[in-house]
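Everything below concerns the one structure shown next.
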Amino acid sequence: IDIASGATLDVNGTLDVTGATVTGLSAGITHSSFWHLTSSFTGDVNPIASNLSEMSYGGYARLGSAMTESSGVFTFPETGIWLITFKPSIYSAAGTDIHAVGGNVNTTENDGSSWIGIGWTYGSAHVKSGEIVYAGVPPISVQFDVTDTSTHKVSFKIQENGYSTNFTVQGDSNGYATYMTFLRLGDT
């Protein structure tokens, strides 16, 4: 069916565009990927720059093109409004209390000339009898308008408030300990 330019199409029911190229409308979620930290480290770091990998087990399947990562800086495969989630898994090292440890989602709109923290998440843990206790850091989600894939990028930071030096950020080559998700919601 050809519809003339400027005409209105009223659909009373379901419009099925399966297999079609959709422009000017939301085409649904076209990109989704899941990354994780593959090995643990201790202390602050900005950005998390090593041992990052896209999931590759447990039935994981990426939707759309892959995110790319270099020295902890993630590049988006396509412009759009992106939902980014970061979940650090942090536990006490050496059996000591940890206070206000967590992570930041940092973005740049000028290819790294300046970074802005747009989301923070923190947790604490009181250690009893020298046991290893997790800080209970909740996930943080932010939306980022990626209007240019060459300049708009994201990275992730781990930090503490100055009182907690003995903590470990948990990584796992076969698990979902510390992770990042990237979900393209729609066009910019």
Side-chain angles (χ1 to χ4, degrees), residues 29-56 60 62-91 98-125 134-165 167-173 175-188:
I29 294 174
T30 58
H31 294 74
S32 175
S33 63
F34 196 110
W35 287 65
H36 67 131
L37 182 67
T38 59
S39 62
S40 301
F41 64 87
T42 58
D44 294 350
V45 65
N46 185 24
I48 300 173
S50 60
N51 302 315
L52 294 166
S53 177
E54 186 176 16
M55 287 293 175
S56 61
Y60 169 74
R62 174 189 341 112
L63 177 62
S65 300
M67 295 288 294
T68 56
E69 179 269 331
S70 176
S71 301
V73 176
F74 287 84
T75 300
F76 297 88
E78 188 173 317
T79 61
I81 307 296
W82 287 80
L83 178 66
I84 304 162
T85 299
F86 178 39
K87 171 58 173 96
S89 181
I90 299 174
Y91 63 89
I98 50 178
H99 305 282
V101 295
N104 297 11
V105 177
N106 297 319
T107 59
T108 182
E109 296 178 2
N110 52 26
D111 198 22
S113 295
S114 62
W115 289 88
I116 299 170
I118 63 170
W120 305 266
T121 183
Y122 293 93
S124 298
Y134 284 85
V137 180
I140 179 71
S141 294
V142 299
Q143 282 186 205
F144 186 40
D145 186 4
V146 179
T147 59
D148 185 335
T149 59
S150 66
T151 58
H152 289 57
K153 300 177 187 293
V154 65
S155 67
F156 302 91
K157 173 182 180 179
I158 296 293
Q159 69 177 27
E160 49 83 27
N161 67 358
Y163 300 102
S164 304
T165 56
F167 65 91
T168 297
V169 180
Q170 184 181 15
D172 187 337
S173 61
Y176 299 93
T178 296
Y179 63 83
M180 308 83 172
T181 65
F182 305 91
L183 183 65
R184 186 181 182 277
L185 301 176
D187 295 339
T188 183

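Hydrogens, waters and symmetry mates are skipped; everything else that's a heavy atom, side chains included, is used.
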Quick one: do T85 and V142 satisfy side chain to side chain contact (heavy atoms under 4.5 Å, CB included)? Show the steps, please. CA-CA 7 Å; T85 299; V142 299; over 6 Å; no
Are [X] and [Y] packed together at the side-chain level, in the sense that at least one heavy-atom pair is separated by less than 4.5 angstrom?
X	Y	result
W82	T188	no
K157	P47	no
T181	S33	no
H36	M55	yes
R62	E54	yes
Q159	N104	yes
I48	F41	yes
Q170	Y91	yes

Minimum heavy-atom separation for [X] to [Y], with atom names?
X	Y	value
S40	G171	OG-N, 3.0 Å
A66	P77	O-CB, 3.5 Å
G43	V169	O-CG2, 4.5 Å
I98	A135	CD1-CB, 3.5 Å
S39	L37	O-CG, 3.3 Å
Q143	I81	NE2-CG2, 3.7 Å

I need the single residue from Y176, F182, F86 that forms a ring-ring contact (aromatic ring centres under 6.0 Å, His included) with F34. Which is it?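 Testing F34 for a ring-ring contact (aromatic ring centres under 6.0 Å, His included) against Y176, F182, F86 leaves exactly one candidate, Y176.
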Rounded distance [0.5 Å steps], [atom1] in [X] versus [atom2] in [Y]:
X	Y	atom1	atom2	result
L185	T30	CG	OG1	9.5 Å
M67	F74	CE	CZ	6.5 Å
K153	N110	NZ	CG	11.0 Å
D172	N51	CG	CG	12.0 Å
F76	S150	CZ	OG	12.5 Å

From CA spacing to verdict: side-chain hydrogen bond (donor to acceptor under 3.5 Å, both in side chains), D111, T151: CA-CA 4 Å; D111 198 22; T151 58; over 6 Å; no
Please determine whether side chain to side chain contact (heavy atoms under 4.5 Å, CB included) holds for the pair E109 and F144, giving the CA-CA distance in whole Å, both sets of side-chain angles, and the decisive distance to 0.1 Å. CA-CA 10 Å; E109 296 178 2; F144 186 40; 4.1 Å; yes
Could you walk me through whether T108 and H152 pass the side-chain hydrogen bond (donor to acceptor under 3.5 Å, both in side chains) check? CA-CA 5 Å; T108 182; H152 289 57; over 6 Å; no
Could you check whether any side-chain N or O of [X] sits under 3.5 Å from a backbone N or O of [Y], counting only pairs where one atom can act as donor and the other as acceptor?
X	Y	value
S155	G72	no
R184	T79	yes
S32	L183	no
D44	E160	yes
T121	P138	yes
K87	V137	yes

Determine, step by step, whether T178 and F156 satisfy the side chain to side chain contact (heavy atoms under 4.5 Å, CB included) criterion, reporting the C-alpha distance in whole Å, the side-chain angles of both residues, the deciding distance to 0.1 Å, and the verdict. CA-CA 11 Å; T178 296; F156 302 91; over 6 Å; no
Step by step, work out the side chain to side chain contact (heavy atoms under 4.5 Å, CB included) result for D148 and V146. CA-CA 6 Å; D148 185 335; V146 179; over 6 Å; no
